[in-house]
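What follows is a single structure, written as structure tokens, with notes after it.
Whatever order the structure lists ligands and atoms in, that order sets their numbers, starting from 1.
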Amino acid sequence: MKLSIVVPCYNEEKVVEETARRLRAVLDTLVEKRKIASDSFILFVNDGSCDATWSIIERLYVADPHICGLSLAQNSGHQNALMAGLATVTERCDAAVSIDADLQDDIAVIENMVDAFAAGADIVYGVRRTRKSDTFFKRTTAQAFYRLMSLFGVRTVYNHADFRLMSRRALRQLAEYPERNLFLRGIIPTIGYKTATVFYDRHERFAGESKYPLFKMLNFAIDGITSFSVKPIRLISSMGFIILFITLIMAGYTLVSFFCGETVEGWASLMLSLWFLGSVILIAIGTIGEYIGKIYVEVKRRPRYNVETFLHHDDESAK
Ligand code: UDP
Ligand code: MG
């Protein structure tokens, strides 16, 4: 089986060389153990870096037949860079492992991923055993994120980032998702093929800084939820109905006050129209939202189903 390892890199001049060396060692070991083919390779994707990352990749490519490079014209973001790499290797390997350039994920479990693939899994998720190496802040925000995702009905794998193996079949299926707002962690569980999980401990970055500052993380979380769930829109309609219910109570209260003569002129009519119009407007926005939600699902053009196996006699009858 021919393996490829896809590594997105953005301003990673401090790490690429060392990363290449370590990943090469993993490839060599796996080739030696006859678990992967000798023409397996590593693909570095340069995501529009402004430092020396690409020139280092070029140098590595010239020196080593097992190293390839792909350079994007400009910075397109981690998810797009990863997708570019995966699309490039789809027809060039039997399975691809994606991993961050900083090697915070444990490269030793790539072997377990390959084993799980050999045992029949199409997608193997790398899952962090603990979040000990994270700061308190990152840990709690990450947990809140996973909770929010499941509250909104988005299926994700808990504590899994983009460290995973995918078979060629799964990669081809991934190509059927043409959406622009990529949130791979949400898309891949919807592919539905046989999956497996390997556990590992995440390390600190060995050099360089995180390319995911807080605002990028927040954007990523919002992207994740809004790409997979129209529930926020439903909340508007629900709120409209709740306020309509309150309107009825308020109408009773207002009318009683009015007929008891405890009100100043104009108050009762104002109160009634205020509440009523409020709920009508919310329900109207929610209704429009329902249609927008439908349009949203349509324009994403995700596949309706993914075929896993087709047993047929076509070829035999052709003979
Ligand atoms: N990355 C990328 N494009 C970007 C930002 C990040 O390709 O615009 C890559 C980066 O080089 C690294 C991976 O995405 O290989 C994950 O980034 P990082 O390690 O900085 O994120 P963290 O681990 O801190 O969440
Ligand atoms: Mg990192």
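Considering CZ of Arg155 and OG of Ser229, their distance stands at 14.0 Å, rounded to 0.5 Å. Distance check: Ile283 CD1 to Ile236 CD1 gives 12.0 Å after rounding to the nearest 0.5 Å. Rounded to the nearest 0.5 angstrom, Phe183 CZ and Ile188 CD1 are separated by 10.5 Å. Between Ser55 atom OG and Glu13 atom CD the span is 8.0 Å, to the nearest 0.5 Å.
Shortest contact from atom 16 (C) of ligand 1 to any protein heavy atom: Asp100 OD2, 3.3 Å. The protein non-hydrogen atom at the shortest distance from atom 1 (N) of ligand 1 is Tyr10 CB, 3.7 Å. With respect to atom 19 (O) of ligand 1, the closest heavy atom belonging to the protein is Asp102 OD2, 2.5 Å. Atom 14 (O) of ligand 1 has as its closest protein heavy atom His78 CD2, 3.1 Å. Closest to atom 22 (P) of ligand 1, if we only count protein heavy atoms, is Ser210 OG, 3.7 Å. With hydrogens left out, the protein atom closest to atom 11 (O) of ligand 1 is Glu12 OE2, 2.6 Å, a heavy atom.
The name of the N, O or S atom in Asp102 nearest to the Mg ion (ligand 2) is OD2.
Contacts between Asp47 and ligand 1, counted as non-hydrogen atom pairs separated by less than 4.0 Å, involve the side chain only. With a 4.0 Å cut-off on non-hydrogen atoms, Asn11 does not touch ligand 1 at all.
For atom 25 (O) of ligand 1, the choice among Arg205, Lys211, Lys138, Lys216 with the nearest heavy atom turns out to be Lys138. The residue from Tyr212, Phe220, Phe44 that puts a heavy atom closest to atom 21 (O) of ligand 1 is Tyr212.
Looking only at distances, a side-chain donor or acceptor of Thr90 sits under 3.5 Å from a matching main-chain atom of Leu86.
Residue contacts with ligand 1: Pro8 is placed with a nitrogen or oxygen under 3.5 Å of a nitrogen or oxygen of the ligand (distance criterion only).
Between Arg205 and Glu12, at least one side-chain nitrogen of the basic residue sits less than 4.0 Å from a carboxylate oxygen of the acidic one, meeting the salt-bridge criterion. A salt bridge is absent between Glu179 and Arg301; no separation between the charged side-chain nitrogens and carboxylate oxygens falls under 4.0 Å.
The Mg ion (ligand 2) has no N, O or S atom of Ser210 closer than 2.8 Å.
A cation-pi arrangement is absent between Arg131 and Tyr158, since the terminal nitrogen or guanidinium carbon is not both under 6.0 Å from the aromatic centre and inside a 45° cone about the axis. Cation-pi geometry between Lys300 and Tyr296 is satisfied (NZ or CZ under 6.0 Å from the ring centre, within 45° of the ring normal).
With ligand atoms numbered from 1 in the order given, ligand 1 contributes 3 (N), 4 (C), 8 (O) to contacts under 4.0 Å with heavy atoms of Asn75.
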Let's go through Phe163 and Tyr200 carefully: what are the C-alpha distance in whole Å and the side-chain angles of both, what is the deciding distance for ring pair (Phe, Tyr, Trp, His ring centres under 6.0 Å) to 0.1 Å, and is it a yes or a no?
CA-CA 11 Å; Phe163 181 32; Tyr200 67 97; 5.3 Å; yes
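Contact analysis puts Arg202 in contact with ligand 1, with a non-hydrogen atom separation below 4.0 angstrom.
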